[in-house]
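To start, the structure under review is shown below, and the notes come after it.
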Number of protein chains: 2
Amino acid sequence: MVALKRKFLDESGKRWFDHADVVVALVEFGGLHGYVRISGSSLGSMLEVSQQAASRKLSRAVEAGLVDKRTGSAGFEYTVSEFARGQLRRFLNLFTAPLPRVELGATVVSGVGEGRFFLELRGYGRQFELIYGFKPYLGTLNLKADQNAFDVFRMYPSKIVNGFRTGNRRFGLVLTYPAILRLGSQVVECVALFPEYSRYGDDVVELIAPFSIKKKLGIADGTRVLVTPVLSVG
Amino acid sequence: MVALKRKFLDESGKRWFDHADVVVALVEFGGLHGYVRISGSSLGSMLEVSQQAASRKLSRAVEAGLVDKRTGSAGFEYTVSEFARGQLRRFLNLFTAPLPRVELGATVVSGVGEGRFFLELRGYGRQFELIYGFKPYLGTLNLKADQNAFDVFRMYPSKIVNGFRTGNRRFGLVLTYPAILRLGSQVVECVALFPEYSRYGDDVVELIAPFSIKKKLGIADGTRVLVTPVLSVG
DNA sequence: ATTACTAAGCAACGAGTAG
DNA sequence: TCTACTCGTTGCTTAGTAA
């Protein structure tokens with residue numbers, strides 16, 4: 001049972017917002033469309049820090065690969081790196097994109113039964129009840145979506161189930177999203193789970209409901225279904 | 001001669017990127033569309049800092065007015081404040097808006113002749129020459145634009161003229177942008193200046209060129225002109 | 001003018017713990 | 001469980017200065 005750590009955020013140190021001051025300043029002064037000639041002291045006066053601090057911040061942002069540096073005729077010039085632009089694009093997308101009404105196509109797959117194990121843990125179970133007001137059926141329905149499901153769900157407000165530790169074992173947090181599952185004309189309200197530690201990738205959705213979804217809808221592995229993130233259940 | 005400090009960036013401490021980690025995490029977990037239930041320890045595990053640090057960061061972001069806090073059924077809930085959303089919107093604009101081909105309508109106004117004084121300072125003059133390759137005529141043409149000119153120009157890559165100090169006097173930095181000035185069919189390539197310290201507001205554009213623009217175009221106070229930011233002169 | 005070093009001060013961090 | 005306190009340590013920031 002190898003659990004992978006899901007990256008809710010990028011790797012520390014290489015996240016653009018670890019160097020947000022430098023990146024934002026560069027963007028504000030045109031560093032998105034080309035190299036900007038800027039000295040440590042100028043950056044310092046804009047960010048209201050010393051020349052030394054500003055120079056250091058710049059070097060570190062360059063080291064982290066978020067800012068590109070070159071030598072111009074009148075000193076060093078900097079621009080926002082393509083790597084940082086990529087991260088920014090994703091972030092801005094979250095900001096500007098209206099909540100999409102997406103019906104994710106997905107195929108029912110079989111889990112390994114560990115969903116039951118986790119749901120039985122008081123640390124998780126109590127939180128689910130508190131947040132959603134129902135005692136979940138002790139088993140998850142696993143779907144393999146046709147695309148990256150987490151990227152779709154994460155645009156919605158998550159209800160966070162906090163992690164905890166029992167004895168010497170740590171259990172990670174779980175991002176949960178209210179969802180609707182469709183099979184033909186049948187509709188089930190449920191909750192999608194994206195655990196911090198999971199055996200699955202971002203295209204797998206684990207669903208819970210107050211009852212066995214499989215039995216209620218009469219589905220088996222391989223059945224095609226549609227799943228949609230929603231703002232709230234009920 | 002009262003010089004106002006132009007705000008290139010927002011006030012320190014109340015800038016969203018001073019709390020970028022918290023704001024970004026909140027956005028990533030849906031805090032844009034409503035309150036998100038999140039504990040210090042959860043935020044900590046996402047940002048890879050301790051529970052204490054995460055709680056502190058949250059409180060500080062709340063104090064700064066960037067994050068709103070409320071008490072939910074299962075603990076505190078947070079959302080990105082409208083104040084922060086405003087800052088983010090402006091930032092996103094810089095990022096997503098294509099460089100607009102704007103012709104700013106403006107009226108020629110008379111300055112107080114201090115343009116000449118600043119241009120004569122070696123600290124500025126040498127940098128202008130180095131960057132733009134011409135010795136500026138010792139006087140600025142001042143325009144009062146019909147809208148906030150700085151907000152338009154700042155979408156373009158700026159060439160920064162660094163500040164300096166002579167004796168005990170400090171001279172702030174100047175953001176400069178290549179521009180084109182139009183009067184009827186006549187066109188002049190010039191450079192727009194937005195000094196850190198200025199007597200004017202963001203709707204006033206100070207222009208320099210290798211020659212006297214006023215004489216070349218035969219204009220006087222009150223003449224209507226059009227000014228357009230461009231990527232480069234020549 | 002610039003960047004970058006060192007030393008001293010101070011703010012932020014994590015560990016432990018209380019409420 | 002949570003938040004929030006203290007405290008010792010770490011690491012960032014600044015001033016001064018060299019190159």
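Below, read A as the first sequence line, B as the second, and so on, with proteins coming before strands; counting in each chain starts at 1.
Spacing between atom CG of B/Leu173 and atom P of C/dT2 amounts to 10 Å, rounded to whole angstrom units. As a whole-Å value, the separation of A/Ile160 CD1 from D/dC2 P is 12 Å. To the nearest angstrom, C1' of C/dA1 lies 15 Å from CZ of B/Phe171. We find that CD1 of A/Ile38 is positioned 14 Å from C1' of C/dT2, with the value rounded to whole Å. One atom, CG of B/Leu58, and another, C1' of D/dT3, lie 11 Å apart when rounded to the nearest Å. As rounded to whole Å, 16 Å separates atom P of C/dA12 from atom CG of B/Leu47. Look at CZ on B/Arg70: it is 18 Å from C1' on D/dC2, rounded to the nearest Å. The distance from atom CG of A/Leu43 to atom C1' of C/dA4 is 16 Å, rounded to the nearest whole Å.
Taking the side chain of A/Gln51 as heavy atoms from C-beta on, and the options C/dA12, C/dT3, D/dC12, the nearest nucleotide is C/dT3.
Using a 4.0 Å heavy-atom cutoff across all strands shown, B/Arg122 reaches no nucleic acid atom at all. Across all strands shown, A/Gly40 has heavy atoms under 4.0 Å from sugar-phosphate atoms exclusively, and none from any base. Looking at heavy-atom distances under 4.0 Å, A/Arg126 makes no contact with the nucleic acid at all. Across all strands, B/Ser50 comes closer than 4.0 Å to base atoms (heavy-atom distances).
A salt bridge does not link A/Glu77 to A/Lys69: none of the charged side-chain nitrogens sits closer than 4.0 Å to a carboxylate oxygen. Taking 4.0 Å as the cut-off between side-chain N and carboxylate O, B/Arg90 and A/Glu28 count as a salt-bridged pair. Comment: B/Arg116 engages B/Glu120 in a salt bridge, judged by a side-chain N to carboxylate O separation of less than 4.0 angstrom.
At least one side-chain nitrogen or oxygen of A/Lys57 sits closer than 4.0 Å to the OP1 or OP2 atom of D/dT13. Phosphate contact (OP1/OP2 of C/dA4, side-chain N/O of A/Ser55, threshold under 4.0 Å): absent.
Mapping A/Arg56 and A/Ser41 onto DNA chain C by nearest heavy atom places A/Ser41 closer to the 5' end of the strand. With the nearest nucleotide of DNA chain C identified for both B/Gln127 and B/Glu48, B/Gln127 has the one nearer the 5' end. Both A/Gly163 and B/Gln52 lie close to DNA chain D; mapped to their nearest nucleotides by heavy-atom distance, the more 5′-ward contact belongs to A/Gly163.
A cation-pi arrangement is absent between B/Arg6 and B/Phe194 under the rule of less than 6.0 angstrom and at most 45 degrees off the ring axis.
Using a 3.5 Å distance cut-off with no hydrogens or angles, the side chains of B/Tyr78 and B/Asp68 do not pair a donor with an acceptor.
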